[in-house]
Amino acid sequence: MLALLGSGAAGSLAGCGGNGDGDSTPTATGSDSVPEEYRTATGLSGEQRDPDSLSSQGAVNYQSDPEDGKQCSGCSYYIPDKNGDGLGACTIVEGTIDPSGYCTSYVAHESETDDGDARSAVAVPDDARCAVCEMKAANFPEWNGQAVHADDTRAFFCTSGCATTYYAVTGQFAETDADVDGLWVRDLNSRDLIDGTAAYYALETDADRLDDPMRVNPAPFEARADAVAYVDEVESLTEDDIVELSAFDRALAEQYRGQLLE
Ligand code: SF4
């Protein structure tokens, strides 16, 4: 459902793995030890992984920590966790990849408009109603979110619970049939708008734990480590309760906004 378009830069670098200074030679590798589900998986930009044309981690100076706020989970080449171990992979670098890692081939993941402009969040209009619950989204500056469709239709939300419900049951709430092409939610710690398509969501179920609008919402985090820290503090939650946006389906929409579903 989420048609995220890759950047031109991503396309030009995929399969090369270079950082522009010639020190990251692609490798036809026999040491690429990733679980089978990653071998030919696609990254955030939609590029498919070619296991016969990967750079070694050393060649791109891969590290397990972020660099200046940039990390693999926000990179066009990143393949999100598929087996629940908290690690992902990369379409151009061999081996398992920590979402909090970084390398010199990093390319920020942004969806694009048809004419090549990067999709980005916009200021919430004062009169914009939440597309799911119809509360005024601008009244909740620490909780609100938004989405944009491929035809530039925008939708605004009061909270992450409405944003993820919109993603899961788009047909009921959207004013267009065009695909959702970008979605943003607020990091529970920083309250900054973050890329909801690359965020980690702790599946909070206690309506009293957070003093949030709509009473219960998944807790979004830009960094998986922050989501882990959150569930570690909550007796009823474990790391199994941390999901990515693609996990939101009708069942989770029922959990968070069942009273609003048809
Ligand atoms: S930053 Fe991470 S995801 Fe991006 S190319 Fe480097 S290893 Fe791959």
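Counting starts at 1 for both ligands and their atoms, following the listed order. Small disclaimer: the values here were computed from a predicted structure and weren't measured.
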- [ ] May I ask you to decide if the ring planes of Tyr201 and Phe248 are parallel, tilted or perpendicular, using 30° and 60° as cut-offs?
- [x]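 Rings of Tyr201 and Phe248: perpendicular, as their planes differ by over 60°.
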TODO: Please work out whether the ring planes of Tyr166 and His149 are parallel, tilted or perpendicular, with thresholds of 30° and 60°.
DONE: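 Because their plane-to-plane angle is over 60°, the rings of Tyr166 and His149 count as perpendicular.
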TODO: Go through the side-chain N and O atoms of Thr104 and Asn61 and say whether any donor and acceptor fall under 3.5 Å apart.
DONE: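 The criterion, which ignores hydrogens and geometry beyond distance, is not satisfied for Asn61 and Thr104.
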Open item on the list: Tell me whether Arg215 contacts the main-chain N or O of Ala207 through its side chain, where contact means a donor paired with an acceptor under 3.5 Å.
Closed with: yes
Task: Whether Gln71 side chain and Ala223 backbone form a donor-acceptor pair below 3.5 Å - done: no
- [ ] Check whether any side-chain heavy atom of Leu87 lies under 4.5 Å from a side-chain heavy atom of Asp98, and answer yes or no.
- [x] yes
Task: Polar protein atoms (N, O or S) that approach atom 4 (Fe) of ligand 1 to under 2.8 Å - done: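 The answer is Cys75 SG.
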